[in-house]
Amino acid sequence: MPRYDHSSIEPKWQAFWAENRTFETPDQPKEGSAGKLYVLDMFPYPSGDGLHVGHPEGYTATDIMCRYARHQGKHVLHPMGWDAFGLPAEQHAIKTGTHPRDTTYKNIDTFRRQLQMLGFSYDWSREISTTDEEYVHWTQWIFLQLFNSWFDPTFEWTGPDGVKRTGKARPIADLPIPDDVKSQGETAIRSYQDERRLAYQSEAPVNWCPALGTVLANEEVTAEGKSERGNHPVERRKLRQWMLRITAFAERLLNELEPLDWPESVKSLQRNWIGKSIGAEVDFFVLEPGKKADASDKRLDQRASSGYPAKPGDDVLRVYTTRPDTLFGATYMVVAPEHPIVDRIVTAEQKEAVEEYRRKSANKTDLDRTDLAKEKTGVFTGAYALNPVNGAETPIWIADYVLMSYGTGAIMAVPAHDERDLEFAQTFDLPVIPVVQPPDEKTDPIGFTDPGTAVNSGDYDGTPTAEFKKKITADLAQLGLGREAVNYRLRDWLFSRQRYWGEPFPIWHELDADGNPTGMIRGVDESELPVTLPDMDDFAPKGTPDPPLSAAPESWLYKTAADGTRLRRETNSMPQWAGSCWYYLRFCDPKNTEAFIDPEKEKYWLPVDCYIGGAEHAVLHLLYSRFWHKALFDLGHLSKPEPFQKLVNQGMILGEAELTAYRIADESAYSDKRDEKFATDLQRPWVSARNVTEEDGQYVEKETGAVLEAVMIDNDQVTKKGNDFVLKDDASIVVESRAHKMSKSRGNVINPDDIVKNYGADALRLYEMFMGPLEQTKPWSMSGVEGVYRFLGRVWRMMVDDAAESVTLNPAIKDVEPTEAQDRVLHKTIKAVTEDIEKLSFNTAISRMMEFTNEFSGQNPRPKSAMSQFLLLLSPFAPHLAEELWQVLGHSDSLAYAAWPKFDEAKLVESEIEIPVQVNGKLRAKIKVPAGSDAKAMEAAAKADESVAAQLEGKQIVKTVCIPGRLVNFVVKG
RNA sequence: GCCGAAGUGGCGGAAUGGCAGACGCGUCGGAUUCAAAAUCCGAUGGGGGUAAACCCCGUGCGGGUUCGAGUCCCGCCUUCGGUACCA
């Protein structure tokens, strides 16, 4: 009795595909190709834990798309690779002494085995790892492109895509050098260039994580001031770091997002991350210490003729505001503690307090900063500035709620119309002047931040906010006191890490005679790429920001240039993002030793037609990739402005749903906190889930604060009450019903290996697609897996004779013409499955195939042609089973490139259809009418129906709604 | 606080403004079996009614548009995800 045996079928076909190179993608399309399709998965980090059930979700979705597209005659590129640099392998090395390379390639082998076991149709001949030396070569080459260019914000040009743009990355050699720099000589010129490169060094306060021994990007630090990886504390330190000038591309990253076929949510995340705001810069003149504003001060007036300077003078405090209309309400100013003007303006009396505050805030970690968000702090500098619109003397404070890195690092504070300023003003008892009247008279203008009408604003009184903004910005520009300004929340990308297991920078530092760096740098010559990692066996962080590579062998670390200059290598390494920024390009031409990608191949394959992966990369990876892509585009290496045309986020797969009840954790805790009657109770009392809250990782009862323990409850111990589940024994105790994220600590992790072993790869693939919509978060269910496994068994028995000794065709399958009814079911199924695949609605496609199977399993004879066509529909989802049965049906070839079945609309038509009849919108009857009946015929048929007639009896028909083929609705009165 | 997504049976989920709950799980009943597993058949939103016919209620809550609303509009509530002094 040959049963459906996945464990023999699946390895058989995997071996067949590998031997026959079924899924290798030739560079040239086959004759008559229906066009190219590039479908990409976000390649995984090959962690030591192996594949997680989340991986096959997106991978199955793309695999279905690709297999379907091959049946449609498309030239499909479907590659896989490894994002293999990263912390865990290095931490493993520190612990065990195993070289990160060994760990990494071992893990890659595991991942490859697991993915191949799932039957994905990747072209494995294109496999790449970001850690391969040839790959590192081109990652470093791209870095050099960035290093060797600058951004010209005013350059107008038309790209290969025919779009006109302003602003372009250009070769550094094209950077105009001002005469005063030129006159200072070669060193000055080089410094001038270095400051303007797309890859540049900066000495800035950065997020230093002692536990990880590295600096982290802002993006890698959580709101709580912890590292995203590992949750270790992060502190601020001033260090020399490599930065990438992503901010130069802010406007294009924002604008060119619009036409992409991406989820609106991801676009909006990126928009918020870029954070464009439009406002004005305004100059306030600082008064000399002890001096009052007086008529002899002509500085304001002089600006009318001198105009608005590009850089503010020493006696000017320049602020950025999105609300220039509230200038009349600016009662004080605040500068960031790091602001350079502080030293110039602070008065003798305030100096000590200011210095003390600056010291404190410099050491503040991000954690402290957010903690202090509740209460504003700051110190008065003793200095005043002149409000340009009314000459009012405005005190200047320093406070760390103003950030040096945004805008000009200084603000005008309008406490009446800004929450933060109001809080600060209230703390320090500063004046609050309302200058915006809310549209609703009853609303208090103090604390009102929305648009309204100007008050207390001199001649501008009565002007609506939007108009006022434009007007005063123009007026200030006229007087040379301000101008319109745009700001972005986006910061330059901190690109260096202090780790061993990453790409080395292709950079040399020049040394002086004493071996000290001169500050001059040069790129490694392209012919010397790649810069490979030196062999080392000590990877441990030293607790100092000296990278592990600074302990590399001398031969790696130093060399003497042709011109005799002594050089030392850059010892920072690149972040993990570097490799993933451009891997989608390399897949098109993975073995090219002359270039990172052949331009013809780039033109042919790009952009990626569909990119599927987790939402956790919505901002970082996708923004970084787009940035690199645009820079390479500007430099003429790429022909399309965007890398990923369509993006889909797969939803997270949670663990199996759990029921949790809570009860008092221990006797002592409850006996003194709760009522007497409970104290005598032997059983520790349950607490309704509604009264439970989480504090510091502990569950506690809301009112009493008593510590609780969570208890897993069985299905049969609860009952449904309203919207809640409650204990059967005590209906007042609400039980929490929820699926949690899979985690080792919770013990709810599902291992794909186990599923494949017990149910097979086809069942795992099918189940993950059947769970629900791809984009949605959904809980795992073991009995759901059994459900689809049973379905596969039904498909097997529909085609195979399970009474026979060996695998033979089911005798019900005959070479006969399908009946009209069979044809209808078949063509309905073809239509539905085809359309569902195109919509990526895989769960409903599977439902349709189940319906087909339910229908045809009961039929005898079963036409062979219908069976063959059905197998093609099933094959993208369950390729192993489909291939096996395809063979059983007598086909000798693989079905991988067989033509997709076509449906015939004519065969979908039924001769008679059932139509609902409503009376006043309520369903009253169903009638059968010939297909294609017109409204009149339908109405007549409806009226002729007995129960409809009864409903209409003695009533007046006001209106009849008749939609041919859909329904009849009588609107009646009386 | 702000931004985004979502609320439909016991559960996962289906429904171009037109028969709510396709399909699967679970449950119940039956067939097969010495028995079980596997498999097959049937029932299954809630309430009333006689296990029929039939009737009433039902897509988070409250309004609205419409002959007709799970679907569109307005206002709330809840959950999940992201974000956080960005002037």
Side-chain angles (χ1 to χ4, degrees), chain A residues 1 3 222-223 263-269 271-273 275-277 279 319-323 326 334 369-370 372-374 376 399-403 405-414 418-421 423-424 487-491 615-616 618-619 651-652 654 657 715 718-720 723 725 737-739 767 770-773 775-788 790-791 793-794 797 802 841 843-851 854 857-858 914-926 947 958-963 965-972:
Chain A
M1 273 239 287
R3 286 182 134 183
T222 65
E264 198 42 48
S265 60
V266 176
K267 286 189 183 181
S268 124
L269 278 172
R271 268 185 228 117
N272 291 341
W273 194 264
K276 181 180 183 175
S277 79
V319 302
Y320 171 73
T321 177
T322 54
R323 291 295 300 273
T326 59
V334 186
R369 276 187 172 237
T370 33
L372 289 167
K374 288 159 204 146
K376 295 265 181 293
D400 64 4
Y401 82 92
V402 171
L403 310 172
S405 50
Y406 184 78
T408 60
I411 62 158
M412 61 173 207
V414 185
D418 181 286
E419 270 175 57
R420 297 151 301 181
D421 296 345
E423 210 181 304
F424 191 84
N487 261 296
Y488 301 91
R489 203 188 78 115
L490 183 71
R491 304 292 151 78
E616 67 273 20
V619 177
M652 206 191 330
L654 304 175
N715 235 331
V718 301
T719 179
K720 186 99 180 184
N723 282 325
F725 282 99
S737 167
R738 206 156 87 79
Y767 172 64
F770 188 60
M771 292 171 87
E775 298 88 337
Q776 200 168 299
T777 301
K778 39 210 178 275
W780 186 266
S781 155
M782 222 51 221
S783 49
V785 179
E786 299 203 23
V788 293
R790 282 203 282 263
F791 163 66
R794 283 203 299 279
R797 288 189 301 276
D802 67 348
S841 178
N843 56 330
T844 51
I846 294 167
S847 304
R848 300 306 198 146
M849 292 188 281
M850 287 172 167
E851 285 176 290
N854 291 344
S857 292
E914 200 179 55
I915 294 290
V917 181
Q918 301 181 338
V919 176
N920 281 347
K922 283 192 176 182
L923 179 71
R924 292 301 177 189
K926 290 172 188 180
S947 63
V958 183
K959 188 175 175 182
T960 306
V961 181
C962 244
I963 316 288
R966 305 248 38 137
L967 64 26
V968 181
N969 186 12
F970 295 106
V971 186
V972 301

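In what follows, every chain begins at residue 1, and chains take the letters A, B, ... in the order their sequences are listed. Fair warning: this is a prediction, and the values are worked out from it, not measured in the lab.
Residues N854(A) and R794(A) are in side-chain contact: their nearest non-hydrogen atoms beyond the backbone lie under 4.5 Å apart. Two residues are said to be in side-chain contact when any heavy atoms from C-beta on lie closer than 4.5 Å; T326(A) and M412(A) meet this criterion. In this structure the side chain of M652(A) reaches within 4.5 angstrom of the side chain of T777(A), judged on heavy atoms. Residues V971(A) and N920(A) meet the side-chain proximity criterion, which asks for heavy atoms closer than 4.5 Å. Looking only at side-chain heavy atoms (C-beta outward), F770(A) and M850(A) come within less than 4.5 Å of each other.
The OH atom of Y767(A) sits 11 Å away from the P atom of G12(B) (whole-angstrom rounding). E616(A) has its CD atom 14 Å from the P atom of G81(B), to the nearest Å. Straight-line distance from the CE atom of M771(A) to the P atom of G12(B): 11 Å, rounded to whole Å. Nucleotide U79(B) holds its C1' atom 13 Å from the CD atom of Q776(A), rounded to whole Å. Put simply, CD on E775(A) is 14 Å from C1' on G4(B), counting in whole angstrom units. Rounded to an integer number of Å, the gap from CD of E914(A) to P of C19(B) is 12 Å. Rounded to a whole Å, the CZ atom of R271(A) is 10 Å from the P atom of G4(B). In this structure, R797(A) atom CZ and U39(B) atom P are separated by 6 Å, rounded to whole Å.
When atom types are taken as modelled, the side chain of Y767(A) and the backbone of W780(A) share no donor-acceptor pair closer than 3.5 angstrom.
Considering only the side chain of N272(A), C3(B) comes nearest among C3(B), A87(B), C19(B). Among the nucleotides G10(B), C3(B), A87(B), the one closest to the side chain of S268(A) is C3(B). Residue R489(A) places its side chain closer to A84(B) than to any other of G12(B), G18(B), A84(B). Residue L403(A) has its side chain nearest to A87(B) when only A87(B), C19(B), G18(B) are considered. Comparing atom distances between the T322(A) side chain and each of A84(B), A87(B), C85(B) picks out A87(B) as nearest. Nearest nucleotide to the side chain of T321(A), out of G82(B), A87(B), U83(B): A87(B).
Closest approach of L269(A) and A618(A) over heavy atoms only: CD1-CB, 3.7 Å. The two residues G965(A) and I915(A) have their closest heavy-atom pair at C-CD1, 3.5 Å.
As the counterpart of A84(B), no nucleotide is assigned, since no Watson-Crick or G-U wobble pattern has both distances under 3.5 Å. Look at C19(B): it lacks any Watson-Crick or wobble partner with both distances under 3.5 angstrom. Under the Watson-Crick or G-U wobble criterion, with both distances below 3.5 Å, G45(B) is paired with C57(B). Taking a pair to require two hydrogen-bonding distances under 3.5 Å in either a Watson-Crick or a G-U wobble arrangement, U32(B) remains unpaired. Using N1 to N3 plus N6-O4 or O6-N4 for Watson-Crick, or N1-O2 and O6-N3 for G-U wobble, each under 3.5 Å, U78(B) pairs with A6(B). A51(B): no Watson-Crick or G-U partner with both key distances under 3.5 Å is found in any strand. Nucleotide A69(B) has no partner under the Watson-Crick or G-U criteria, as no pair reaches both atom distances under 3.5 Å.
E786(A) is linked by a side chain to side chain donor-acceptor pair (under 3.5 Å) to Y759(A), counting only residues two or more places apart in sequence or in another chain. Taking the side chain to side chain donor-acceptor pair (under 3.5 Å) definition, one finds that D421(A) meets it with Y401(A), sequence neighbours left out. Legend: residues meeting side chain to side chain donor-acceptor pair (under 3.5 Å) with R271(A), ordered by chain and number and at least two apart, are E258(A), E264(A). Residues satisfying the salt bridge (Lys or Arg N to Asp or Glu O under 4.0 Å) test with E419(A), not counting sequence neighbours, are none.
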(message) I'd like to compare against my own output: the B/S/- annotation of nucleotides 20-29 of chain B with a strict under-4.0 Å heavy-atom distance to protein.
(response) --BBSSS---
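Take the nearest nucleotide of RNA chain B for I411(A) and for V266(A): the residue whose nucleotide is more 5' is V266(A). Take the nearest nucleotide of RNA chain B for P773(A) and for M652(A): the residue whose nucleotide is more 5' is P773(A).
In this structure, G9(B) is classed as syn because its glycosidic torsion stays within 90° of zero.
Across the C1' atoms, U83(B) and A14(B) are found 34 Å apart, a figure rounded to whole Å. With both ends at atom P, the span from G24(B) to A15(B) equals 16 Å, rounded to whole Å. The same atom, P, is picked in A36(B) and in C54(B); the two are 38 Å apart, to the nearest Å. On the C1' atoms, C19(B) is 15 Å away from U59(B), given to the nearest whole Å. Rounded to the nearest Å, the gap between the C1' atom of G17(B) and that of U65(B) is 12 Å. The P atoms of G10(B) and A22(B) are separated by 14 Å, rounded to the nearest whole Å. To the nearest whole angstrom, the two C1' atoms, one in G45(B) and one in G70(B), are 15 Å apart. Taking atom P in both A37(B) and G18(B), the straight-line distance is 44 Å, to the nearest Å.
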(message) What verdict does the side chain to side chain contact (heavy atoms under 4.5 Å, CB included) test give for K959(A) and N969(A), after you've listed the backbone C-alpha separation in whole Å, the side-chain angles of each residue and the deciding distance to 0.1 Å?
(response) CA-CA 8 Å; K959(A) 188 175 175 182; N969(A) 186 12; over 6 Å; no
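Residue contacts for L269(A): at a heavy-atom cut-off of 4.0 Å it reaches the sugar-phosphate backbone alone, with no base atom in range.
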Report all interatomic pairs (protein N or O, nucleotide N or O of nucleotides 56-60 of chain B) with separations under 3.5 Å.
from	atom 1	to	atom 2	distance (Å)
C57(B)	OP2	K922(A)	NZ	3.3

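Under 3.5 Å, the side chain of K959(A) and the base of C67(B) form no donor-acceptor pair of N or O atoms.
OP1 or OP2 of A87(B) has at least one side-chain nitrogen or oxygen of S277(A) nearer than 4.0 Å.
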